[in-house]
Enquirer: 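Dropping the structure in here first, questions after.
Note that the structure is a prediction, hence the values are computed from the model and not measured. Order of appearance sets the numbers: ligands from 1, and atoms from 1 within every ligand. The figures here come from the full heavy-atom set of this structure, side chains too, leaving out hydrogens, waters and symmetry mates.
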Amino acid sequence: MQTAPLPDFPAGFRWGVSTSAYQIEGAARADGRGPSIWDTFAHSPGRVVDGSNGDVACDHYHRYAEDIALMAGLGVTAYRFSVAWPRVLPTGTGAVNPPGLDFYERLVDGLLEQGIDPVATLFHWDLPQPVQDAGGWLNRDTAHRFAEYADLVAARLGDRVKLWITLNEPFIHMSLGHGTGEHAPGAALLFDAFPVAHHQLLGHGLAVAALRARCGAPVAIANNYSPVRPVGTDPADLAAAAGYEALHNRLFTDPLLGRGYPTELGFDESVVRDGDLDVIAAPLDVLGVNYYNPTGVRAPEEGSPLPFELVPLDGYPRTAFDWPVAPDGLRELLDWLHRRYGPDLPPIQITESGCAYDDTPDAEGRVPDPDRIAYLDGHLRAVHAAMADGVDVTGYFVWSLLDNWEWAEGFTKRFGLVHVDFATGARTPKSSYSWLREAIAAARREPPR
Ligand code: IFM
């Protein structure tokens with residue numbers, strides 16, 4: 001599919017792809033890896049739509065060299081992966097599993113050999129099961145265990161990782177994992193899940209201190225955001241939208257940027273101790289922004305346990321996840337962050353942006369995905385427009401390099417630039433891979449590799 005050339009991005013803009021450990025690595029019981037909450041959850045009947053799990057996934061643990069070659073061919077300058085806590089510390093604390101750390105060292109060194117910056121996320125939802133058994137993120141101790149684990153990984157890789165990301169989407173881990181129970185560990189506490197937010201943020205702050213003590217690489221967190229669109233102008237709908245915005249977009253970012261928790265949600269903050277907010281507000285070098293779509297909100301029906309109701313937004317094309325494709329929402333979001341947080345806002349990198357479609361190989365074995373090309377084209381233009389508005393954006397990572405295991409959706413949602421045959425593990429670059437390769441080469445002013 002032909003698109004008009006993208007506008008110029010500055011030299012040094014980071015072009016990346018993102019993945020996470022449980023979604024691609026497989027090798028769930030290899031070389032001493034311990035169980036995570038996602039192993040437990042996925043193996044529990046009825047939790048994942050197709051009954052699948054991440055035992056094998058994309059077998060990246062064994063095929064990482066092939067995946068690095070795919071990234072090199074794409075021309076990306078950075079790869080955002082996550083370290084599986086239970087692979088390096090099988091019980092979450094105490095005894096280290098050397099083969100686990102060795103794997104990440106091979107990965108990092110292989111990336112550096114290709115001139116690709118390793119960007120390491122430390123927690124992408126795969127909490128070691130023994131840590132969960134001790135209370136998980138409802139327990140304050142988990143924040144300290146997380147900082148110890150961060151220190152351990154930084155001691156081994158801190159001289160080579162170019163950007164650390166402490167947590168991925170703590171809002172989703174709180175809301176789906178502990179609010180509604182759709183994700184591991186499957187708790188349905190609704191607003192009583194607030195301690196999970198606070199302890200993740202405390203763990204983040206303690207980990208920032210540990211990482212800074214070990215190495216000089218910049219530190220970030222990857223939050224997910226969704227511009228909120230009230231369905232009408234009725235005051236009840238506007239109030240519901242404001243409440244949802246506080247929950248989704250401000251609950252984590254306000255305290256990270258020194259503003260404390262939004263008070264209008266009425267959370268019981270008794271878990272917050274003196275000094276915690278200072279730990280959480282440790283300066284960030286980069287704010288990671290994961291963006292997929294805006295959210296429609298209206299006032300709830302009477303008797304609803306929640307102070308808002310989420311509603312589909314009309315007028316947009318939709319992905320296979322039924323998410324609206326709304327590049328305008330990305331510009332709106334970046335402008336909102338810039339306006340709201342002003343000089344406290346660190347430089348932003350878009351740490352995830354992508355879409356799922358039902359991509360299938362054609363008779364010649366090619367995988368055409370024009371909708372993904374249109375998606376990426378639109379979202380990159382939106383980033384550029386926000387930069388022209390004055391927002392400091394220094395990178396864009398596509399979710400995802402590979403079709404992968406999509407949590408409660410199992411193997412039914414394909415987000416990759418590269419198609420994966422889940423029966424054989426065979427990788428086939430889609431047409432979006434070729435499109436992005438050309439776009440990156442043009443932006444880097446180099447011929448495509
Ligand atoms: O696959 C997930 C990823 O793990 C976190 N962000 C959203 C992606 C798509 O749902």
Enquirer: Trp405 and Tyr22: aromatic ring centres closer than 6.0 Å?
Expert: yes

Enquirer: Near Trp125, which atoms of ligand 1 are under 4.0 Å from a heavy atom of that residue?
Expert: 5 (C)

Enquirer: Is Arg156 paired with Glu105 through a side-chain N to carboxylate O contact shorter than 4.0 Å?
Expert: yes

Enquirer: Under a 4.0 angstrom heavy-atom cut-off, which atoms of ligand 1 come close to Trp323?
Expert: 10 (O)

Enquirer: Report yes or no: does Glu409 have a heavy atom closer than 4.0 Å to ligand 1?
Expert: no

Enquirer: Of all the atoms in ligand 1, which lie at a distance below 4.0 Å from a heavy atom belonging to Phe415?
Expert: 9 (C), 10 (O)

Enquirer: Should the pair Asp285-Arg212 be classified as a salt bridge under the 4.0 Å nitrogen-to-oxygen rule?
Expert: yes

Enquirer: Taking both backbone and side-chain atoms of Trp399, is any N or O found less than 3.5 Å from an N or O belonging to ligand 1?
Expert: yes

Enquirer: Give a yes or no on whether a salt bridge exists between Glu245 and Arg229, defined as a side-chain N under 4.0 angstrom from a carboxylate O.
Expert: no

Enquirer: Give the atoms of ligand 1, by number and element, whose distance to some non-hydrogen atom of Glu406 is under 4.0 Å.
Expert: 1 (O), 2 (C), 9 (C), 10 (O)

Enquirer: Can you list the ligand 1 atoms lying under 4.0 Å from a non-hydrogen atom of Trp407?
Expert: 1 (O), 2 (C), 3 (C), 4 (O)

Enquirer: Report the member of His173, His183, Glu352, Gln23 with the shortest heavy-atom distance to atom 5 (C) of ligand 1.
Expert: Glu352

Enquirer: Please state whether the rings of Phe9 and Trp15 are parallel, tilted or perpendicular, taking 30° and 60° as the class boundaries.
Expert: perpendicular

Enquirer: Taking the basic N atoms (NZ, or NE/NH1/NH2) and the acidic carboxylate oxygens, is any pair closer than 4.0 Å for Arg414 and Glu406?
Expert: no

Enquirer: Provide the number and element of each atom of ligand 1 under 4.0 Å from a heavy atom of His124.
Expert: 3 (C), 4 (O), 5 (C)

Enquirer: Below 4.0 angstrom, N of the basic side chain to O of the carboxylate: do Arg250 and Glu264 qualify?
Expert: yes

Enquirer: Could you identify the single nearest non-hydrogen protein atom to atom 8 (C) of ligand 1 and state the distance to 0.1 Å?
Expert: Tyr292 OH, 3.4 Å

Enquirer: So is there a nitrogen or oxygen of Asn168 less than 3.5 Å from a nitrogen or oxygen in ligand 1?
Expert: no

Enquirer: I'd like to know if Tyr291 contacts ligand 1, where contact means a heavy-atom distance under 4.0 Å to any ligand atom.
Expert: no

Enquirer: If you take the centroid of each ring, where Trp contributes its six-membered ring, are Tyr316 and Trp323 closer together than 6.0 Å?
Expert: no

